[in-house]
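Below is one structure, written out as structure tokens, with a few remarks after it.
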Amino acid sequence: MAYFPEVPKIAYEGPKSRNPLAFKHYNPEEVIEGQTMKDLLRFSVCYWHTFRGTGSDPFGSATLQRPWDDGSDSVANACKRVEVAFEFIEKLGAPFYCFHDRDVAPEGANLAESNRNLDAVAKVLKEHQQKTGIQLLWGTANLFSHRRYMHGAATTCNADVFAHAAAQVKKALEVTHDLGGVNYVFWGGREGYHNLYNTDLKRELDHLARFMHMAVDHAKSIGFTGQFLFEPKPKEPTKHQYDFDAAACLNFCRTYGLADKVKLNIETNHATLAGHTMMHELEFSRINGALGSIDANTGDLLLGWDTDQFPTDVYLTTQCMLVILAQEGLAPGGINFDAKVRRESFEPVDLFYAHIGGMDAFARGARTAAAIRKDGALSGFVKKRYRSFDEGIGAKIEAGTVSFADLEKYVLEKGQLAPNESGRQEMLENLINDYL
Ligand code: XLS
Ligand code: NI
Ligand code: NI
């Protein structure tokens, strides 16, 4: 059964092609810094936006009516959706996908029924993975949609709800493991607060840490060796999310002894909602040895919420790839399109245009970043900029062998300081344009 009869397998046709259903830049076998684009970029399709997105927004109902969907929340409908998903991912040529437990299978009347539903759909997912070779980049649990999670999941004030969330993650981990998932993601859906008048901040943070430790322990007990990822997001749905940004997440992990167990999954639109650039969040994670994976998307400059649009800006992807190449890729993480088509783009073929654009933008970013790195155009400038710390007094400061008193003596003896040099910001911005 073909659900996208008008779409062939998407091929690389090169930059001169004007075929909207072809890659102009993503050439899976092309080698960049010793890795094929396929292995370097590790593209992943997300199940929630791509196969469960409805196009509804706070002002209007669903617009994305899919011909294959019977509108029910049945297991049969969920299993049919798996066929659609794998036809899509296979035609696109993405090697990975990601899901939340409740994207792939319907929530039941109780935990036992929900688990049975998930098992039934996971069986079909596994068959399709085996048939197509498509792999699971990561699994996660939806701990935010159901009304029981109104006060949060791991940070709820209701211990029974905490227990339910734990049971749900236990199951999601087991299914992720069974499907050969290479990562598991925590995104704290409703882990945050709207008002400190009703919130025990200390207890909620302690509980979140306890929850994550229990997840790590359970993973160990079932032999899951995948990487755990914590996804920062500053606001939405709560006013303050505990996983605000990379710095807050790392501080939390260090405080609670999780730093060696968990890395970060950095999302562009979340970075910008936190008032950072994506490049900042990536670089901050990288220098702390915590850059695990990315959720590729983009926000809208004029809208203040998480619009999760597909990334098409090649400055953005070049900046991402400069950081990703600096650590030789993301494996076992990858580039997951946590992005949704606009509610006006309601035809199934729009899903292809969206993903092709995102993959091409990252491929261009990869090529551009590799060229900049090859010439040492930026790294050479940065190295030279800090050269006063390579020898003399600077080297002593870095080595920790001088005190304030020594530095005072140094300045008094020297009298005249070395002059400052230009930071050349505009020249370097022009330099990026030279490579695009
Ligand atoms: C929502 C998050 C979510 C996570 C997975 O804003 O980005 O989609 O990636 O729970
Ligand atoms: Ni995300
Ligand atoms: Ni988002």
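Please read all numbers here as calculations on a predicted model, not as lab measurements. When a ligand or atom number is given, it counts from 1 through the structure's own listing order.
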Pro15 versus His25, closest heavy-atom pair with distance = CB-CE1, 4.1 Å
ask   = So, the side chain of Asn77 versus the backbone of Ser72: is there a donor-acceptor pair under 3.5 Å, distance only?
value = yes
query = Excluding waters, how many protein N/O/S atoms sit closer than 2.8 Å to the Ni ion (ligand 2)?
reply = 4
request  = Would you check if the side chain of His146 reaches a backbone N or O of Arg148 as a donor-acceptor pair within less than 3.5 Å?
outcome  = yes
ask   = Quick check: does any side chain N or O of Ser17 sit under 3.5 Å from a backbone N or O of Gly14, one acting as donor and the other as acceptor?
value = no
inquiry  = Looking at Tyr26, is its backbone amide N or carbonyl O close enough to the side chain of Asp360 to form a donor-acceptor pair, meaning the two atoms are under 3.5 Å apart?
reply    = yes
request  = Might you point out which heavy atoms bring Ala122 and Leu179 nearest each other, and give the distance in Å?
outcome  = O-CD2, 3.6 Å
query = Can you find a side-chain donor-acceptor pair between Ser44 and Asn336 that sits under 3.5 Å?
reply = yes
query = Do side-chain atoms of Glu113 reach the backbone of Ala109 as a donor and acceptor pair under 3.5 angstrom?
reply = yes
Thr199 side-chain N/O to Leu201 backbone N/O, donor-acceptor pair under 3.5 Å = no
note = For the Ni ion (ligand 3), the nearest N/O/S atom on Asp306 is atom OD2
Distances only, to 0.1 Å: what are the N or O pairs between ligand 1 and the protein that fall under 3.5 Å?
from	atom 1	to	atom 2	distance (Å)
ligand 1	6 (O)	Lys233	NZ	2.8
ligand 1	6 (O)	His270	NE2	3.2
ligand 1	6 (O)	Asp306	OD2	3.2
ligand 1	7 (O)	Glu231	OE2	2.7
ligand 1	7 (O)	Glu267	OE1	2.8
ligand 1	7 (O)	His270	NE2	3.4
ligand 1	7 (O)	Asp338	OD2	2.8
ligand 1	8 (O)	Trp48	NE1	3.2
ligand 1	8 (O)	Asp338	OD2	3.0
ligand 1	9 (O)	Glu231	OE1	2.7
ligand 1	9 (O)	Glu231	OE2	2.9
ligand 1	9 (O)	Asp295	OD2	2.9
ligand 1	9 (O)	Asp338	OD2	2.9
ligand 1	10 (O)	His100	NE2	2.7

message = Between Glu236 and Asp306 (side chain of the first, backbone of the second, donor and acceptor by atom type, cut-off under 3.5 Å), is there such a pair?
response = yes
